[in-house]
Amino acid sequence: MLKIYNTLAREKQVFTPIQAGKVSMYVCGMTVYDFCHLGHARVMVVFDMVSRWLRTSDYEVTYVRNVTDIDDKIIKRANENNETISQLTQRFIDAMDEDSAKLGVIRPTLEPKATEYVSGMVEMIQTLINKGFAYTAANGDVFYAVNKFDGYGKLSGKSLEDLRAGERVEVDSFKQDPMDFVLWKAAKPNEPSWDSPFGGPNNGKGRPGWHIECSVMSSHLLGAHFDIHGGGQDLQFPHHENEIAQSEAAHGGVWNGEATHSHDGQPCQMVNYWMHNGFVRVDDEKMSKSLGNFFTIRTVLEKYDAEVVRFFILRAHYRSPLNYSDQHLDDAKLALTRLYTALRGHDVASNTIDWQHPQAVRFKAAMDDDFNTPEAMAVLFDLANEVNKSKSAETAGLLKSLAGVLGLLQRSPDAFLQGEATQTLNIDALIQARAEAKKAKNFAEADTIRKQLLEAGVVLEDSPQGTTWRRI
RNA sequence: GGCGCGAUAGCAAAGCGGUUAUGCCGCGGCCUGCAAAGCCGUUUAGACCAGUUCGACUCUGGUUCGCGCCUCCA
């Protein structure tokens with residue numbers, strides 16, 4: 001029985017899908033104006049893991065991860081680079097796809113782009129205006145009037161009073177309330193814009209705000225009410241709070257203070273389970289663009305194998321902070337090496353998992369407990385120990401199959417252990433020469449060869465079956 | 001200032017009111033010509049102060065420290 005920590009309830013809850021056997025999941029994706037960093041990698045890997053576990057649990061999963069391809073930063077960056085917005089966004093969408101594929105991330109079922117849903121956004125904004133939740137300001141911007149939605153703050157646990165007290169930004173004079181957020185931005189010169197009926201100085205010409213896109217894409221693709229909504233912890237407020245306000249106001253019956261919207265599974269509730277993953281940190285500080293302390297995925301992949309990075313991410317619980325450093329990656333590499341070493345010599349395929357096996361039972365219990373991948377990994381290491389002792393192909397098969405559920409250990413052990421680095425030395429020939437030296441009891445020569453290889457980063461391992469090698 | 005999260009051995013990271021987490025590192029042994037890998041054993045824990053309890057790392061309260069959100073952010 002799967003339990004998920006639901007941010008909305010602030011506790012683990014038994015997962016019950018809206019439709020038996022099916023799961024609808026929406027995750028906030030990337031704004032594509034630059035290369036993805038490790039924080040993005042965590043979101044992609046974590047929710048990939050979630051979708052894999054749901055599918056392993058026999059759910060039919062519809063996983064939507066959007067692409068934000070219109071926003072202030074994109075417009076700014078395109079101007080700086082002297083390229084069109086679509087050139088810029090396509091370039092970084094391609095880069096993102098490349099990075100995520102390397103990390104073993106299975107493509108989401110659907111990857112809608114914001115620009116393809118602008119008409120839907122105009123429609124939803126109009127609905128919000130009609131219902132009294134939104135207004136066109138004097139400058140042509142359309143704002144959401146947060147005080148009209150009485151559930152505002154239920155996800156982030158903030159009240160409007162607290163938020164106003166903590167108000168740090170200059171109040172936008174066009175807003176009725178400082179907490180109101182923008183749904184539609186009036187067009188500025190040299191910016192892309194779409195037509196709308198919202199009026200104002202530009203006759204409605206403008207572009208959507210950030211929050212409205214997720215409300216529109218999720219409801220178009222998954223319906224007004226769906227199972228799981230995920231994203232980074234930093235999106236909890238204001239982004240996800242605003243999504244709820246938009247979607248539930250547009251789809252539900254909150255009206256003029258008469259709160260007819262309902263909770264817990266009623267048709268106009270937007271999402272049943274909200275999931276938020278923890279941050280990637282550097283020196284105990286959040287990795288972010290604004291702090292400038294970020295490492296892009298491709299930079300890290302120059303130095304570390306992508307599977308090591310995936311392993312590193314999944315070795316921590318998804319809600320915990322994850323400190324990035326070379327030392328931690330080195331550690332992850334050594335740990336993963338142990339698992340692959342156990343699989344070495346076992347020509348096994350990922351096969352059907354015997355869920356009655358005691359270790360599989362443990363694995364499943366861990367995963368069902370709010371996706372406890374660190375505990376599930378511990379099972380993998382215990383299995384590796386069993387394989388090393390018993391040399392059982394069956395146990396090796398179970399190890400590989402369970403790891404496969406996490407998207408790990410699917411390469412041939414030698415592909416991982418020996419890598420694909422260009423060979424400056426003829427390793428096989430040297431091993432052969434050493435074998436002959438050993439046979440002649442010329443251990444000095446044998447050790448010289450071994451040392452030579454070690455200096456080239458190659459470790460030799462003798463066994464009764466012969467000598468194998470791996471890279472450090 | 002408001003709201004929230006956390007503090008576990010040298011490092012990383014889980015579960016659990018009483019019984020080995022797990023990985024890396026260290027130490028001893030087995031194996032090996034010697035190593036490496038592997039196996040066996042082993043040293044290092046639970047920020048601090050109270051309380052509940054037969055018994056607390058685990059529950060409760062407080063203190064200290066760290067982090068996050070309240071502004072774009074995964």
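The one candidate from A:Asn272, A:Leu54, A:Asn6 that meets the side-chain contact (heavy atoms from CB on, under 4.5 Å) condition with A:Ile228 is A:Leu54. Put simply, the residue from A:Lys113, A:Glu111, A:Glu213 that forms a side-chain hydrogen bond (donor to acceptor under 3.5 Å, both in side chains) with A:Asn66 is A:Glu213. Residue A:Arg434 is tested with A:Asn442, A:Asp462, A:Thr448 for a side-chain hydrogen bond (donor to acceptor under 3.5 Å, both in side chains); the sole match is A:Asp462.
At a threshold of 4.0 angstrom between heavy atoms, the contacts of A:Lys441 with the nucleic acid are absent. Using a 4.0 Å heavy-atom criterion, one finds that A:Arg470 contacts the sugar-phosphate atoms exclusively. Contact annotation for A:His276: no contact, since no heavy-atom pair falls under 4.0 Å across all strands. Among the atoms of the strands shown, base atoms are found under 4.0 Å from some heavy atom of A:Met287. In this structure, A:Thr341 reaches the sugar-phosphate backbone alone: every heavy-atom distance under 4.0 Å involves primed, P, OP1 or OP2 atoms, never a base. Among the heavy atoms of the strands lying under 4.0 Å from A:Val280 is at least one base atom, whether or not backbone atoms are also near. A:Asn388 comes within 4.0 angstrom of the backbone, heavy atoms only, and of no base.
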Open item on the list: Just to be sure I follow the notation: if a pair is Watson-Crick (purine N1 to pyrimidine N3 plus N6-O4 or O6-N4) or a G-U wobble (N1-O2 and O6-N3), each under 3.5 Å, what dot-bracket string does RNA chain B give, with | for pairs to another strand?
Closed with: (((((((..(((.....[...))).(((((.......)))))....(((((..]....))))))))))))....
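Taking the charged nitrogens against the carboxylate oxygens, A:Asp48 and A:Arg52 do have a contact shorter than 4.0 Å, which makes a salt bridge. Salt bridge annotation for A:Arg281-A:Asp284: present, with a cationic side-chain nitrogen under 4.0 angstrom from a carboxylate oxygen. The pair A:Asp305-A:Arg471 fails the salt-bridge criterion, with no side-chain N (NZ, NE, NH1 or NH2) lying under 4.0 Å from an Asp/Glu carboxylate O. Remark: A:Lys389 does not engage A:Glu386 in a salt bridge, criterion side-chain N to carboxylate O under 4.0 Å.
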Heteroatom pairs (N/O) under 3.5 angstrom, protein to nucleotides 67-69 of chain B:
| residue | atom | partner | partner atom | Å |
| --- | --- | --- | --- | --- |
| B:C67 | O2' | A:Arg281 | NH2 | 3.0 |
| B:G68 | OP1 | A:Lys286 | N | 3.4 |
| B:C69 | OP1 | A:Lys286 | NZ | 2.6 |
| B:C69 | O2 | A:Lys158 | NZ | 3.0 |

Considering only nitrogen or oxygen atoms on both sides, find all protein atoms under 3.5 Å from nucleotides 18-21 of chain B and state each distance.
none

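For B:C39, one of the phosphate oxygens OP1 or OP2 lies less than 4.0 angstrom from a side-chain nitrogen or oxygen of A:Asn385. OP1 or OP2 of B:G23 has at least one side-chain nitrogen or oxygen of A:Arg338 nearer than 4.0 Å. OP1 or OP2 of B:A14 has at least one side-chain nitrogen or oxygen of A:Ser320 nearer than 4.0 Å. At B:G23, none of the side-chain N or O atoms of A:Lys333 fall inside 4.0 Å of OP1 or OP2 (strictly under the cut-off). In this model, the phosphate group of B:C70 is not approached by any side-chain N or O of A:Arg164 to a distance below 4.0 Å at OP1 or OP2. Between A:Asn277 and B:A74 there is no side-chain polar atom (N or O) within less than 4.0 angstrom of OP1 or OP2.
Under the side chain to side chain contact (heavy atoms under 4.5 Å, CB included) criterion, A:Ser320 pairs with A:His317, not counting sequence neighbours. Residues meeting the ring pair (Phe, Tyr, Trp, His ring centres under 6.0 Å) test with A:His211, sequence neighbours left out: A:Phe181, A:His239.
For the pair A:Leu334 CG and B:G23 C1', the computed distance is 9 Å after rounding to whole Å. Straight-line distance from the CG atom of A:Asp368 to the P atom of B:G15: 15 Å, rounded to whole Å. Computed from coordinates, the A:His240 NE2 to B:C70 C1' distance equals 16 Å when rounded to whole Å. Nucleotide B:U22 holds its C1' atom 15 Å from the CG atom of A:Leu336, rounded to whole Å. Taking atom CE on A:Met377 and atom P on B:C24, their separation rounds to 14 Å, with Å as the unit. Atom CG in A:Asp370 sits about 12 Å away from atom P in B:C16, given to the nearest Å. Between A:Gln327 atom CD and B:A12 atom P there is a gap of 7 Å when expressed in whole angstrom units. When rounded to the nearest whole Å, the span between CD of A:Glu241 and C1' of B:C70 equals 12 Å.
Between the side chains of A:Asn242 and A:Tyr152, at least one donor N or O sits under 3.5 Å from an acceptor N or O. Of the N and O atoms on the side chains of A:Glu241 and A:Ser156, at least one donor lies less than 3.5 Å from an acceptor on the other residue.
For the P atom pair drawn from B:U71 and B:A13, the interatomic distance equals 30 Å after rounding to whole Å. Rounded to the nearest Å, the gap between the P atom of B:C3 and that of B:G62 is 13 Å. Using atom P as the reference point in both B:C40 and B:A50, the two lie 42 Å apart (nearest Å). Atom C1' of B:C54 sits at a distance of 29 Å from the matching atom of B:U63, rounded to the whole Å. Spacing of C1' atoms, B:U43 relative to B:C34, comes out at 27 Å, to the nearest Å. Only the P atoms considered, B:G15 is 11 Å distant from B:C59, to the nearest whole Å.
The side chain of A:Asn372 lies closest to B:G15 when the candidates are B:G15, B:G4, B:A36.
In this structure, A:His40 and A:Phe311 both approach RNA chain B, and ranking their closest nucleotides by distance from the 5' end singles out A:Phe311. Closest-nucleotide positions on RNA chain B for A:His328 and A:Arg434 were compared, and the one nearer the 5' end corresponds to A:His328.
Heavy-atom neighbours of A:Glu394 CD from other residues, nucleotides or ligands within 6.0 Å: at or below the threshold of 12.
Judged by atom type and distance alone, A:Asp462 reaches the base of B:C34 through a side-chain donor-acceptor pair under 3.5 Å. Contact annotation: side chain of A:Arg450 to base of B:A35, donor-acceptor pair present below 3.5 Å.
For A:Lys303 and A:Phe295, the positive end is not near the middle of the six-membered ring at less than 6.0 Å and at most 45° from its axis. Geometric assessment of A:Arg65 against the ring of A:Phe47 yields a negative cation-pi assignment under the 6.0 Å and 45° thresholds.
Proximity of A:Met179 to A:Phe143: side-chain heavy atoms (C-beta onward) are nowhere separated by under 4.5 Å. Annotation: side chain of A:Asp369 is not in contact with side chain of A:Glu375 (no heavy-atom distance under 4.5 Å).
Of the residues in residues 89-118 of chain A, none has a non-hydrogen atom less than 4.0 angstrom from any atom of RNA chain B.
The distance from atom CZ of A:Arg344 to atom OG1 of A:Thr468, rounded to the nearest 0.5 Å, is 4.0 Å.
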